[in-house]
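Each remark here refers to the structure printed beneath this line.
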Number of protein chains: 2
Amino acid sequence: MQPSAPPRTYTISELAQELEISTRTIRFYEEKGLISPRRSPGNQRQYSRRDRARLKLILRGKRFGYSLEQIAEMIGMAEVDLDEAEQIRRSLAYGQEKLQEINQRIEELRLLEQDILAVRQRLFDRLAQLEGRNPTNPKEHRP
Amino acid sequence: MQPSAPPRTYTISELAQELEISTRTIRFYEEKGLISPRRSPGNQRQYSRRDRARLKLILRGKRFGYSLEQIAEMIGMAEVDLDEAEQIRRSLAYGQEKLQEINQRIEELRLLEQDILAVRQRLFDRLAQLEGRNPTNPKEHRP
DNA sequence: CTTCCAGTTGACGTCAACGTAAATTATGCC
DNA sequence: GGCATAATTTACGTTGACGTCAACTGGAAG
């Protein structure tokens, strides 16, 4: 048999470029305990596919207004002073909540859509009014 | 005919309480040009139903990670130095983009859901492993 | 009119989430 | 080895989004 296939790794700048964030940001996430990549013999960070997926999750969470702290909880990094099994149970429960939140958020997006549609409607009406009043001259106002 | 019905107004603290934000926050949004409530003879802010709806929109936008600046654009307060019609056209175009963004975001929420489900799956497996391995544990499964 | 609470305008403080700069070390390539 | 890139740590700076405090004013209840 062959030795296990070489798991593809990424450098920090590769990921930074692909995900369109700075290396500083990635290191910052590590400071906050959101990721913990392996290190090379020369102490350089080596990111696995899993690390990459996690970064994507973080960014996705951010785009929805979650704070890094909330994201950390979501991933299950909190409550480190519990025994592992209990820690996992808590994380599972937390994740359950988050899943429900997501469905609520989808509903909210629909509401946001309605809001924007309402604003558009008003703008549209106002525009028709403006243009309807001055069929020939786009700028003239009352003398 | 009756004189126009008295349009219901709100004080700043009423809104703050209802929307669960501070009065400071509301005034801050005004500083940033996001709302411009009328003033009473005594110079106190009077919020209309429209103002209230706008605040809700702002908060909703925030929950999805939009910055106040982006929200301002969304509402159509930018580019004040254009003539009104052109300004409205821009705002309409911008709104169109936002509507598309919203659909993308709904898709993204589905992805986020998948991410979390994946994390959960791993945690779940790990938990089963832990409990399966520990014979003193009440939840023993092995024969 | 006084009292008292709600509201107003500054001005300064704070905290999260990075940016930036400097000094040092690794890695890839000739 | 020698050189140019790229990475690492440390430290300080910045920006957005408010919080907090102070000094003042408005309004209505007694």
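Bear in mind the structure is a predicted one, so any value in this text is a computation, not a measurement. Chain A is the first sequence line, chain B the second, and so forth, proteins listed ahead of strands; every chain is numbered from 1.
Between Glu113(B) and Arg110(B) there is no salt bridge, since none of the side-chain N atoms of the basic residue sits less than 4.0 Å from a carboxylate O of the acidic one. The pair Arg52(B)-Glu14(B) does not meet the salt-bridge criterion, since no charged nitrogen lies less than 4.0 angstrom from a carboxylate oxygen.
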Exercise answer: donor-acceptor pairs, residues 116-124 of chain A side-chain atoms, under 3.5 Å, sequence neighbours excluded:
{"unit_1": "Arg120(A)", "atom_1": "NH1", "unit_2": "Leu92(B)", "atom_2": "O", "d": "2.6"}
{"unit_1": "Arg120(A)", "atom_1": "NH2", "unit_2": "Gln96(B)", "atom_2": "OE1", "d": "3.1"}
{"unit_1": "Gln121(A)", "atom_1": "NE2", "unit_2": "Asp125(A)", "atom_2": "OD1", "d": "3.0"}

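Atom C1' of nucleotide dG7(C) and atom OH of Tyr47(B) are separated by 10 Å, given to the nearest angstrom. A straight line from CD1 of Ile35(A) to P of dA17(C) spans 14 Å, rounded to a whole angstrom. The CD-P distance, from Glu14(B) to dC5(C), rounds to 18 Å in whole Å. Here dC18(C) presents its C1' atom at 14 Å from CD1 of Ile58(A), a figure rounded to the nearest Å. Rounded to whole angstrom, the span from the CG atom of Leu59(B) across to the C1' atom of dA17(D) amounts to 13 Å. When the P atom of dA17(D) is taken as reference, atom OH of Tyr66(B) falls 15 Å away, rounded to whole Å. Look at CD on Gln70(A): it is 13 Å from P on dA16(C), rounded to the nearest Å. For the pair Arg38(A) CZ and dT8(D) C1', the computed distance is 20 Å after rounding to whole Å.
Heavy atoms from other residues, nucleotides or ligands lying under 6.0 Å from CD of Gln114(B) number more than 12.
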Letter by letter from the 5' end, nucleotides 23-30 of chain D scores (B base, S sugar-phosphate only, - none; protein heavy atoms under 4.0 Å) ---SS---
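At the heavy-atom level, Thr11(A) lies under 4.0 Å from the strands shown only through sugar-phosphate atoms.
The side chain of Ser22(A) contributes an N or O atom lying less than 4.0 Å from OP1 or OP2 of dG19(C). Distances shown here put every side-chain N or O of Lys62(A) at or beyond 4.0 Å from the OP1 or OP2 atom of dA17(C). A sub-4.0 Å separation between OP1 or OP2 of dG7(C) and a side-chain N or O of Ser13(B) is present.
Between the Asp115(A) side chain and the Leu112(A) main chain, no donor and acceptor come within less than 3.5 Å of each other.
Every residue meeting the salt bridge (charged side-chain N to carboxylate O under 4.0 Å, His left out) condition with Glu101(A), not counting sequence neighbours, appears here in chain and number order: Lys98(A). Arg38(B) is linked by a side-chain contact (heavy atoms from CB on, under 4.5 Å) to nothing, counting only residues two or more places apart in sequence or in another chain. For Ser67(A), there are no side chain to side chain donor-acceptor pair (under 3.5 Å) partners, not counting sequence neighbours.
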Evaluate Thr11(A) against Gln44(A) for side-chain contact (heavy atoms from CB on, under 4.5 Å), listing each step before the verdict.
CA-CA 8 Å; Thr11(A) 73; Gln44(A) 298 197 187; over 6 Å; no
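Contacts of residues 24-32 of chain A with DNA chain C (heavy atom under 4.0 Å): Arg24(A), Thr25(A), Phe28(A), Tyr29(A).
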